[in-house]
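Whatever order the structure lists them in is the order used to number ligands and atoms, beginning at 1. What you see is a predicted model, and the numbers here were worked out from it, not measured in a lab. We count residues from 1, following the sequence as given.
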Amino acid sequence: MSPKLNLQTTIAGIDFRNPILNAAGVWCQSTAELDTLLTSSAGGAVTKSATVKSRLGNATPRLKSLPLGSINSMGLPNYGFQYYLDYVTKQQATDQHNLILSIAGLSVADNLTMLRQIQSSDYTGLVELNLSCPNVAGKSQVGYDFAAVADLLATIFTFFDGKLGLKLPPYFDLHQFDELSAILNQYPLAYINAINSIGNGLIVDPLTESVVIKPKGGFGGIGGNYVKPTALANVRAFRLRLNPTIKIIGTGGISSGQDVFEHILCGADLVQIGTALGTEGPAIFERVTNELSDLMAAKGYQNLADFRGKLKTL
Ligand code: DHB
């Protein structure tokens, strides 16, 4: 990397040496996996979305890698909220702050329980409230119910004064960005993360004339190359509407430095890699960071701020 290049980025006062993290769910279920991320070239790590109690998740096969991306219906396998709260608190005590604690309660009450526990714990780092898990049978994605999101935020901010981000599902209609941004702009959110997988897609294998994953009749969240244009559109649409104090994490379709560059041009402060991390492993962070550095050097950019959000329109 050229000595003049600086990939540093900040969300709610938390510094990241570079803007490239794992996406929640990938390479982050155990503390061993999280340790591997923190000793890789990643800018930091997000923990597997936690539920109050540990879960085994859905029946297998529940994840399939495909030429253009992936489909998954993991069903929130995780070691339970306390396991991840203990991990990030321990890391914080050793001055490791580049972490995000992800939570995905199965109900409003569960989300409030976990946020109250965080509020009364020693952990003061970033928290990502996942409003977009598509893979638990019988549970709909909260992020598509704007009245429920408004109610939830109103309740949360009566007691929570930590650094809160929201993981959102993809939206497809410009009115959705207007309506949701008007709600989000009323609260001191640290960030939003756009996008989760495109929920309830279906991959068909013509040879076997079958679906490719077992849960929910084969329906699952789609990630990877399939979703990049939708992810870029969500990052861009929210950047144009949200208060500048609400930062944006761009997730979706990132497997190269150029993909990171495009997300940042659309307004992302940080990015996360899901599908491609799953196939390539943590070595991907060094490759993608080098590709981003080379691209910036070729364009004469020294900091992410030199091009962040500066997408040109015709
Ligand atoms: C799972 C999938 C998601 O997209 C998500 O946001 C949370 C959990 C899962 O199936 O485990």
Subject >> Identity and distance of the protein heavy atom lying nearest atom 1 (C) of ligand 1 >> reply: C133 SG, 3.5 Å
Original post:
Which atoms from ligand 1 have a heavy atom of N72 less than 4.0 Å away?
Top reply: 10 (O)
Original post:
Given the rule that I, L, V, M, F, W and Y join up when any side-chain heavy atoms are under 4.5 Å apart, are Y84 and I14 in one cluster?
Top reply: no
**OP:** Could you name the option among N135, N193, I222, L76 that has the heavy atom nearest to atom 11 (O) of ligand 1?
**Re:** L76
Original post:
Given the rule that I, L, V, M, F, W and Y join up when any side-chain heavy atoms are under 4.5 Å apart, are I195 and L21 in one cluster?
Top reply: no
**OP:** Closest by any non-hydrogen atom to atom 4 (O) of ligand 1: pick that one out of L63, L168, N196, V136.
**Re:** N196
**OP:** Would you tell me whether D15 and Q8 have side-chain atoms, one donor and one acceptor, within less than 3.5 Å of each other?
**Re:** yes
Original post:
Which is closest to atom 3 (C) of ligand 1 by heavy-atom distance: S197, P134, S132, G25?
Top reply: P134
Original post:
Does R62 come within less than 4.0 Å of ligand 1, judged by its heavy atoms?
Top reply: no
Original post:
Does the gap between the ring centers of Y87 and Y79 come in under 6.0 Å?
Top reply: no
**OP:** Just say parallel, tilted or perpendicular for the rings of Y187 and F157, cut-offs at 30° and 60°.
**Re:** parallel
Original post:
Tell me: protein heavy atom nearest atom 10 (O) of ligand 1, and distance?
Top reply: G75 N, 2.7 Å
Original post:
Is there a heavy atom of G221 sitting under 4.0 angstrom from any atom of ligand 1?
Top reply: no
Original post:
Between Y301 and F261, how do the two ring planes meet: parallel, tilted or perpendicular, split at 30° and 60°?
Top reply: parallel
**OP:** Could you point out which residue of L189, N111, L115 forms a side-chain contact (heavy atoms from CB on, under 4.5 Å) with I156?
**Re:** L115
Subject >> Residue of the set N58, T60, N200 for which side-chain hydrogen bond (donor to acceptor under 3.5 Å, both in side chains) holds with S73 >> reply: N58
Subject >> N130: numbered ligand 1 atoms lying under 4.0 Å from its heavy atoms >> reply: 5 (C), 6 (O), 7 (C)
Original post:
Do any nitrogen or oxygen atoms of P77 come within less than 3.5 Å of a nitrogen or oxygen of ligand 1?
Top reply: no
Subject >> Location of contacts on R55 toward ligand 1, heavy atoms closer than 4.0 Å >> reply: neither
